[in-house]
Structure formats: structure tokens, C-alpha cells
Amino acid sequence: LAPKPLRGRNVLVTAGPTFEPIDPVRGITNHSSGKMGFAIARAAAEAGAIVTLVAGPVHLSTPRHVRRIDVQTAREMHDAVLRQAPGQHAFIATAAVADWRPVEVHEHKLKKAEGGATAPTIAMTENPDILAEVARLPSPPYCVGFAAESEKLAEHADAKRRRKGIPLIVANLGPATFGRDDNALLLIDEQGQRELPEGGGTADKLSLARALIAELSRRLG
Ligand code: C5P
């Protein structure tokens, strides 16, 4: 029988992008397939956890024994996560949340002006930082963040970890991982760094997710 190190533990995961509407037919989104987050939700369920997955718009089927809540916008993701947060033992934030949203959502489709008049300007406002907010709760779950950096990976990821007040951040080592099935991860905490897969190279996202969940299980004790 497979070991169930997370039996009796509640694990909350965010995955995928968010979609911020401009009008009924347009919006702003991030590039994210959701594959890593769905693999993590699956690995946590395999390890015996009670898993809640808050997913932005993705084309993926729900892993077995995972409770899924679908959302579109960052604010919907924020509200769903904060509602689910009480009683969670771990929170793994893999979602590529849009940093900004249009101030105004137009009720009707924006039309091109006659005679090629100027293009519209879209005023933007900041979205809530879901992970930082969960980390600030009075008794927060063990929070794991993800970081996609284009340079000075470890340095920037660790700075992000401290800024958000979380114990563990996972940086994507693979250059262009969007939509791919394999990746490499760098785990960074107060003690230092650890690469997955061990010994370099890349691994498929499910293997990486299982290794990350094994690491999380050790930390939850
Ligand atoms: O600040 P940045 O977006 O680079 O941080 C990435 C980490 O923070 C990821 O774990 C992501 O899921 C989380 N995040 C969030 N809410 C936001 C922005 C990022 O939970 N508004």
C-alpha cells in the first residue's frame, strides 16, 4: 500500500491563470496552463490529503478525490481562497494571478470609432496578493509560493519569499515551462536551497509534484 503521509491534512492549492474582463468579449490574462498546480493537487491527494483546488480558466480535468472550485478573476480567486483558508494545514499558490485588472468592466463591447479615432486607454488597478494575505492570517497554513523569474533567479525568489512572509518558495528553473510537461524546480527556504529533480536535468511535472509533496510532508511532520 502506498504511504499516506498527509492523511488527515487539509491542503489548499491555486492553479492556472486569472482572467480580468475588459468588456463582454475581451480581457487580460496570464500565460499559464495550470499543469503544475493540478499535478500538485493530484500528488497531495495521493498522499492522503483532503485537497481543495481553486482553479482559474484552464483546460484540464480534475484529479481524482480533489474538490475543485472554478474562478475567473483574481478577486474571485481571493474570495474563494480566503473562504477555504480556515482549517487548512498547507497552502500552495501556483496560480499566475494577474497583478492588475481594468478599473471598469464595460457592459457592452467596446466599438472601433468611425474614421480611425484614437484607441481606448484601459485604466488598471492592483489586484490583492492572495498568498501574502493568507500568510498574514492569525494562524496561517504552511505557505508555499511559486516564482517565475527571468534573471537572478534564486536572489529574486528569496526576496519574494521574505516580502510575502512565507517559509518556502519554489522557483522555476526551466526557461520556458508554460504548457510543457517537464520542468526543474529550486526550493528556497531559510536554511538554503534544494534542486528538484535531485542531480539536475528535468523531470515530468507529476514527479516533481510528488517530490514537492514529500518535502512538504516532512515539514508538516
Ligand atoms: O509576486 P508574484 O506574482 O511574482 O508572486 C508569485 C507567487 O504569489 C505565486 O505563488 C502566486 O500564486 C502568488 N500570488 C498570489 N496573488 C497575487 C499574485 C501572486 O497569490 N495577486
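It should be emphasised that the depicted structure is a prediction, and the values quoted were computed from it without experimental measurement. Numbering of ligands and ligand atoms starts at 1, following listing order.
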Side chain to side chain donor-acceptor pair (under 3.5 Å), that's the test. Do Glu20 and Thr18 meet it? Break it down for me. CA-CA 7 Å; Glu20 314 294 332; Thr18 64; 2.8 Å; yes
I need the atoms of ligand 1 closer than 4.0 Å to a non-hydrogen atom of Gly145, numbered in the order shown. 10 (O)
Please state which protein non-hydrogen atom is closest to atom 1 (O) of ligand 1 and give its distance, to 0.1 Å? Lys164 NZ, 3.0 Å
For ligand 1, which is the ligand I care about here, please tell me if Leu131 has any N or O atom under 3.5 Å from one of the ligand's N or O atoms. yes
Taking atom CZ as the centre, does Arg218 end up with more than 12 heavy-atom neighbours from other residues, nucleotides or ligands that are less than 6.0 angstrom away? yes
Distance from atom 3 (O) of ligand 1 to nearest protein heavy atom, with residue and atom: Asp99 OD1, 4.1 Å
What protein heavy atom sits nearest atom 6 (C) of ligand 1, and how far away is it? Phe146 O, 3.1 Å
Atom 11 (C) of ligand 1: of Cys143, Pro128, Ala135, Ala95, the nearest heavy atom sits on Ala95
What closest approach, in Å, do Arg26 and Lys109 show between heavy atoms, and which atom pair accounts for it? NH2-CE, 3.6 Å
So, 4.0 Å and heavy atoms of Ala74: is ligand 1 close enough to count as a contact? no
Does this structure show an ion pair linking Glu46 with Lys4, if we count only N-O contacts that are shorter than 4.0 Å? no
Closest approach of any protein heavy atom to atom 4 (O) of ligand 1, naming residue and atom: Lys160 NZ, 2.4 Å
pair Met36-Leu208: side-chain heavy atoms closer than 4.5 Å: yes
Considering only non-hydrogen protein atoms, determine which one is nearest to atom 17 (C) of ligand 1 and report residue, atom name and distance to 0.1 Å. Val97 CB, 3.5 Å
Thr14 versus ligand 1: do any nitrogen or oxygen atoms come within less than 3.5 Å of each other? no
With a 4.0 Å cut-off on heavy atoms, is Asn127 touching ligand 1? no
Polar side-chain atom of Asn127 near backbone of Ala74 as donor-acceptor pair, under 3.5 Å: no
Greater than 12 external heavy atoms within 6.0 Å of Arg7's CZ: no
N/O separation below 3.5 Å, Ile130 to ligand 1: yes
Identify, for atom 10 (O) of ligand 1, the protein heavy atom at the shortest distance, and state residue, atom and that distance. Ala93 O, 2.6 Å
Indicate yes or no: does Asp158 engage Arg162 in a salt bridge with an N to O separation below 4.0 Å. yes
Below 4.0 angstrom, N of the basic side chain to O of the carboxylate: do Asp129 and Lys164 qualify? yes
I'd like to know whether ligand 1 has Glu133 as a neighbour, heavy-atom separation below 4.0 Å. no
